[in-house]
Structure formats: C-alpha cells, structure tokens
Protein chains: 2
Amino acid sequence: VAGDEADNELARPRTSPVNRGWHWPLVLVLLLQFSTPAASQVPDPLSTWTDGGARDVILQFVGRVTDPDSDEYVPPMARIAVFDNDGTLWSERPWIEGLFWQKLLRDAAEANPELHDVQPYQAALGFDEVFFENGGYRQAAAHVRDYVATLEREAFDNKVRAFFRARRHPDLDVPLSQTVYQPALELLDYLRANDFRVFICSGGGADFIRVIAGDFYGIESDRVIGTSYKKSLQFVEGRAVLRMTGELNTFNNRDEKAVNIDLHIGQRPLLVMGNAGGAGDIGMLSYSQGRAGPSLQLLIEHDDAEREYAYAEDDNASLAAAEANGWTVVSVKDDWSAVYGKPVPRRQRSDR
Amino acid sequence: VAGDEADNELARPRTSPVNRGWHWPLVLVLLLQFSTPAASQVPDPLSTWTDGGARDVILQFVGRVTDPDSDEYVPPMARIAVFDNDGTLWSERPWIEGLFWQKLLRDAAEANPELHDVQPYQAALGFDEVFFENGGYRQAAAHVRDYVATLEREAFDNKVRAFFRARRHPDLDVPLSQTVYQPALELLDYLRANDFRVFICSGGGADFIRVIAGDFYGIESDRVIGTSYKKSLQFVEGRAVLRMTGELNTFNNRDEKAVNIDLHIGQRPLLVMGNAGGAGDIGMLSYSQGRAGPSLQLLIEHDDAEREYAYAEDDNASLAAAEANGWTVVSVKDDWSAVYGKPVPRRQRSDR
C-alpha cells in the first residue's frame with residue numbers, strides 16, 4: 001500500500017490545478033476573473049516565446065475563442081488542446097522510449113543468460129546506440145513485445161519509473177525531466193488558465209508516457225493517448241490483474257492519431273501542436289483544421305542545432321502541409337528565446 | 001459554424017465547474033476550503049440517500065481518502081471514480097439506446113422504401129417494441145452497423161441529438177433527461193467537490209452517451225468510455241473527416257470494461273459504481289478492488305418496482321460477487337429516498 005502511494009507521487013503534476021490540493025495562483029486567477037471576466041489571465045504568458053511570430057498568433061487566437069463577445073467564442077466544453085510528445089513537448093533526439101526498450105532487453109537478458117550473445121540483447125547490454133539507430137529498433141520491437149507480455153500491468157509501470165529515476169539524457173547529461181521544452185510548458189499553463197483541457201497524443205507508448213506526464217507536464221494519466229498493447233483481465237489468487245500481451249492494440253501515428261483522438265476525446269481539437277520530423281502529426285493537424293468553427297494548428301520546425309537539434313523530413317511533408325494549409329510554423333530558433341527550463345550544457349552536439 | 005456551436009450547447013453540463021465560464025457555488029466552495037483545508041465540503045451531501053446504509057459507507061470512505069492525516073489518504077491524481085451508465089446513472093428499462101437504434105432503422109427505411117416490409121425495419125416503422133424486446137435487437141445490430149457505416153462522424157452525433165430532442169420515455173412520459181437518478185447526480189457532485197475525476201464506463205455506445213453526458217451528468221466527452229465502432233480518416237474535398245465503419249472497435253462490457261479503463265485512464269479506479277442487471281460491471285468492480293491501497297465498490301440493486309423497476313439476473317452473479325467480495329450494495333428501495341430529480345408520474349408501470 002505504502003509503495004503504491006509513493007509511486008503515485010512521481011505522477012503528481014507540477015502545475016495543473018486539478019491535481020493539487022489547493023493552488024494559490026489558481027485562486028488568484030479566479031479572483032482576477034471576477035473583475036475581467038473574459039480572456040487570458042496569466043501574468044506574463046509565453047515569456048520564452050519571442051514577439052511577432054507564433055506567440056502573437058497564439059495569444060490572438062486564445063483571446064478570440066475565450067471572448068464571449070467574439071464571433072469565434074468557443075465554450076469551455078469544446079476547448080480541447082492536443083499535443084504530440086516527442087519533439088513537441090520534449091526533445092526526441094535520441095528517441096527516449098528507445099533507451100527504455102534497451103533497458104527492457106537488458107532485463108530480459110539478465111533473466112536468461114543464453115540471450116547475452118544474441119542480437120538485439122547483445123547491443124543493449126553493450127549500450128551500442130549505433131546498432132539501434134541503424135535499424136536495430138525495428139529488430140528489437142518483437143523482442144520487446146515478447147518481454148512485455150510476461151508482465152502484469154503494474155510491473156510495467158514500475159519498470160518505467162525505475163528507468164526515469166536512473167537514466168540521464170545521453171547528449172545533454174541532465175535528468176530526462178530537463179529535456180522538456182520550457183516554451184511548451186508555458187503554452188500548457190496558458191491554455192489551462194484559459195479553461196482548455198490539455199491532452200497528449202503521441203506515437204510513443206501511452207503507458208510509458210503516463211508515468212511521467214503528471215510530473216513533467218502536469219497532464220493526468222487519463223489525458224494521454226498513445227500507442228498501446230492489448231491487455232487481458234485475469235484473476236490471480238482472487239485478485240483481478242491486467243496482463244500485458246505482446247499484441248499491438250493501436251500504433252498511434254499519422255491518421256490513427258485522429259482516429260484515437262475521436263476514440264478518447266470524442267470531439268475535434270480546437271488547437272493541435274505537433275512537429276516536423278516523421279510526418280506523424282499531419283493527420284491530427286488536418287483533423288483539427290476540419291473542425292466547424294475556429295481552430296489553430298501549430299507545427300514545430302527543429303531548426304536550431306546550437307540550442308537543440310536540427311533535422312527535417314526527407315520529403316518535407318509536414319512543412320509542405322503547413323504551407324498548403326496555412327498552419328503556423330513554430331521555429332525553435334526564431335520563436336523560442338529559450339528551449340529548456342534550465343540552461344543545459346551540451347556535452348556533445350549532434351545533428352543526427 | 002453557428003450550427004456547430006449551437007450543437008455544443010446541448011453538451012454543456014449543468015453541474016461541472018470545469019465546463020462553465022464562472023460558477024459561483026464552486027467559488028464559495030473554494031473559499032470555504034481555506035478555513036477547512038481537508039475533506040468533503042458540500043452543504044448537504046447525498047441528501048436523497050438515506051442514513052445508515054450505503055450513504056454512510058460513501059461518506060466515511062471519501063472522508064478517509066481525502067484526509068491528509070489518514071493512513072488511507074489518496075492524492076487527487078489518483079482519485080478516479082468510474083460509473084456504469086444504464087441502470088447506474090439513469091433507468092435502463094427500456095433500453096434507451098435501443099430506441100435510438102429503432103430511429104436509425106426508420107431513417108434507413110425512409111431512404112429506401114424497399115426496406116419497409118422487411119424486418120427489422122418494419123418493426124421499427126411500426127414502433128413494435130415487443131419485436132425488439134424479444135430478440136429483435138440481436139437481429140437489428142448488423143443493420144444498424146450497416147447504416148452507421150454510411151455516416152460521417154458528425155452526422156452520427158446530429159442523429160443522436162435529434163433523437164434526444166424528440167424522444168420521451170415510453171413508460172414515464174417525461175424527457176429522457178428526467179430518467180437520470182437524482183442520488184447518482186448528487187454522488188457525482190460530491191465526488192467532484194472532493195477532487196475526484198468522474199468517468200462513465202458503459203456497455204452503451206461512447207458516441208451516443210457523449211452527446212448527453214455534459215447536459216445530463218456534467219461529464220465531459222473525454223471522460224466517457226463505451227462501446228465503439230472503428231473509424232477511418234478520409235479527405236473529402238480537402239477536409240479531413242472521420243467516417244464511421246460498420247466494424248466494432250470494442251464491445252465495452254464485462255472484462256473489457258477493465259481493459260478499456262486502463263486504455264483510457266491508465267490507473268485502477270478508486271471508486272466504481274455499477275448495477276446488477278446484466279453482470280456487466282463485475283469486471284470493473286473487481287479491477288478497482290485489486291487496487292493497492294483503499295478502494296470502494298458500489299453495486300445498485302434494482303428492487304423498487306413502485307418508484308423505478310425491479311429486476312435481477314437469472315444467476316444472481318452480480319449480487320453474489322458483491323457478497324463474496326464485500327462490495328457495498330445500494331438498494332434503490334432502501335438507500336434512496338428519491339429516485340428521479342422531479343416527481344415522475346407513472347403512465348404505466350412495468351416490471352419487465
């Protein structure tokens with residue numbers, strides 16, 4: 001019992017008012033609202049966003065949809081904001097969940113020494129990033145699924161927690177919590193202060209993200225949509241447990257993001273932010289734009305090799321879609337005056 | 001645009017603070033919280049629940065899990081409450097979604113006169129409840145799926161809205177909103193006032209329930225888990241639309257309720273309320289009880305033919321599970337001093 005409650009601490013958010021007992025800034029905001037009933041009450045909203053670009057677009061949009069006198073007013077019930085995770089809320093170089101996969105493979109190999117000389121276990125045991133970055137993850141997927149299928153639901157969560165406690169970012173040499181984008185956190189806070197409900201919709205594993213969504217982003221476990229395995233209910237000595245299976249339930253990427261937003265949320269998002277990188281967010285950005293009434297689409301362009309990473313898609317599909325559809329491109333280099341919450345000393349710089 | 005916003009009005013809740021602009025009672029509750037930081041601040045909580053039974057169990061449980069000094073304290077992040085819908089939040093005699101199915105069949109027949117003399121369309125056109133109650137729904141399911149597969153996502157919602165605007169309860173002769181249980185509404189409000197996040201997990205259609213969940217229960221569309229069809233993203237004249245398909249995505253009943261609670265919420269519920277009737281809630285009640293730490297399971301027994309309906313399961317599975325596992329049985333007759341919010345004159349009484 002004690003262990004369970006303690007584990008929940010990790011999932012406790014830093015920021016969201018609904019998840020804390022009492023939250024003085026919220027109360028102040030509430031009181032302020034009485035004198036100024038409409039719009040956007042955060043002291044210095046989006047302070048790490050530079051003036052004149054995406055910041056202005058966001059402030060004007062939120063101002064319009066929260067102003068009861070505006071033609072574009074949207075009631076709180078429909079203020080849904082959806083964010084991709086990798087490359088949108090935190091850095092995606094390297095792929096953090098991939099590092100967790102490597103840890104699962106090491107755990108599997110520890111339990112079975114016969115695997116030590118077999119790939120992908122050998123590469124995982126040797127921390128051979130090059131193997132994984134060059135197609136190894138594709139080979140690893142089936143092995144990861146097999147191992148996950150040996151776990152109860154809560155055991156999986158415990159493995160994720162242990163990973164985040166131990167692991168630091170390989171390039172940046174900081175805890176993974178510090179690879180969260182400060183401008184994204186400010187946008188989440190600003191939207192919540194304006195009665196938006198904020199969701200993650202990620203190609204990454206829902207159960208993986210849920211463990212840290214509260215602590216890193218102030219986002220509740222029930223507001224995380226992601227890739228998932230099928231599970232089955234079983235009774236073990238009279239106790240109901242969910243077992244993981246090795247079968248994929250949904251790969252939450254591209255068009256599936258729109259489908260799963262509907263499954264989990266049941267309405268088109270008013271605002272979506274994704275990033276260029278794997279063309280994964282075009283589906284949900286388009287779905288948001290198809291909303292009857294106002295909507296806003298934001299696409300992050302990773303163009304800052306100095307402060308973060310610079311990369312693009314081979315076919316430039318996401319940026320081309322942004323141009324064709326009038327989505328707002330957020331340049332890391334130009335639109336963000338800071339990337340991370342604390343200055344992050346680069347141990348090594350990579351433009352992978 | 002205007003139509004879309006107007007439609008959203010129907011989904012606007014009566015009670016939930018997060019879904020309205022400003023809500024004076026919430027503010028008063030907030031201010032009260034400063035003098036008495038812990039526990040359960042609703043003026044007269046559960047006023048239609050009688051003393052000495054389930055009401056006492058609920059008040060004591062919520063008191064313990066919200067008291068920071070209690071060994072059983074549970075932080076707000078883990079205060080998840082899950083409710084079945086049919087027979088738990090509103091009356092399930094007759095099956096309301098079945099009446100909607102009949103409407104869909106009439107719509108299909110209107111578009112295709114060749115169906116007029118074919119079952120189940122003929123029965124739907126003739127409002128032949130007896131046909132449907134005696135196996136007709138089983139026959140109808142495939143026809144309903146076929147018709148749904150002709151619809152875009154939003155067109156389906158519009159059909160649900162039109163149904164609820166037009167339809168009255170066949171026995172009670174009241175709008176369907178008045179078949180909601182007043183004691184259940186009070187429990188939802190009491191839990192929300194104690195920082196619980198409140199979800200529906202129903203064997204009924206998620207998209208069907210979502211249209212009225214805000215208005216009837218103050219529950220957001222993203223907190224409705226239910227049976228669903230698969231959908232696919234398509235582009236129609238450049239606009240992204242989801243199309244319904246006739247393929248079932250999940251039949252959210254029995255064990256699947258636990259599986260889908262994990263898919264949507266990602267943690268075991270602290271409190272679950274279901275009802276005896278179709279054994280559909282045993283899975284999620286068991287899953288809640290398997291939670292490490294405190295939890296509460298409530299099972300409604302429909303034993304009041306005078307004020308509502310009286311019915312049981314042939315094998316008595318739900319009540320037997322309640323007895324074996326120590327779940328709290330909520331007797332409509334004994335635990336609720338009122339059933340509906342307004343006195344409902346019975347046009348005809350049935351003990352189906």
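So that the names make sense, note that chain A is the first sequence line, chain B the second, and so on, each numbered from 1. All values derive from a computational prediction rather than experimental measurement.
Side chains of A:Ile225 and A:Asn252 form a contact here, defined as non-hydrogen atoms less than 4.5 Å apart. A 4.5 Å side-chain heavy-atom check between A:Asp195 and A:Thr66 finds every atom pair outside the cut-off. Residues B:Asn249 and B:Tyr229 have side chains not in contact (no heavy-atom distance under 4.5 Å, counting atoms from C-beta outward). Residues A:Tyr73 and A:Val65 are not in side-chain contact: their nearest non-hydrogen atoms beyond the backbone lie 4.5 Å or more apart.
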Point to revise | Chi angles and distances behind the side-chain contact (heavy atoms from CB on, under 4.5 Å) call for A:Val272, A:Gln289 | key: CA-CA 9 Å; A:Val272 167; A:Gln289 190 166 32; over 6 Å; no

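Neither the backbone nor the side chain of A:Ile261 comes within contact range of chain B, judged by heavy atoms closer than 4.5 Å. Within the 4.5 angstrom heavy-atom criterion, no atom of A:Arg254 approaches chain B. With a 4.5 angstrom heavy-atom cutoff, A:Ser228 touches chain B only via side-chain atoms. Residue A:Arg79 does not touch chain B at all, counting heavy-atom pairs closer than 4.5 Å. For A:Ala206, no part lies near chain B; criterion is any non-hydrogen pair under 4.5 Å. If you measure heavy-atom distances from A:Asn325 to chain B, you find no contacts under 4.5 Å at all.
When each of A:Asp207, A:Ile80, A:Leu263 is scored by its heavy-atom pairs under 4.5 Å with chain B, the top score falls to A:Leu263. For chain B, the option among A:Ser288, A:Ala324, A:Gly290, A:Gly283 with the highest count of heavy-atom pairs below 4.5 Å is A:Gly290. No other option in B:Ala258, B:Gly266, B:Gly238 has as many heavy-atom pairs under 4.5 Å with chain A as B:Gly266. The most heavy-atom pairs under 4.5 Å with chain A, out of B:Asp157, B:Asp255, B:Val241, B:Asp262, come from B:Asp262.
Taking both residues in full, the closest heavy atoms of B:Ser221 and A:Gln267 are given as OG-NE2, 3.0 Å, listed atom of the first, atom of the second, then distance.
Of the options B:Asp281, B:Leu298, B:Ile282, a side chain to side chain contact (heavy atoms under 4.5 Å, CB included) to B:Trp327 is made by B:Ile282 and by none of the others.
Of all residues spanning residues 230-237 of chain B, those with a heavy atom less than 4.5 Å away from chain A's heavy atoms are B:Lys231, B:Ser232, B:Leu233, B:Phe235, arranged by number.
Ring centroids of B:Tyr217 and B:Phe199 are separated by 6.0 Å or more, keeping the two rings apart.
Here the CD atom belonging to A:Glu72 is positioned 9.0 Å from the OG atom belonging to A:Ser295, to the nearest 0.5 angstrom.
A salt bridge links A:Lys257 with A:Asp84; the closest basic N to acidic carboxylate O contact falls under 4.0 Å.
Ring orientation note: the planes of B:Phe100 and B:Phe208 are tilted relative to one another, at an angle of 30° to 60°.
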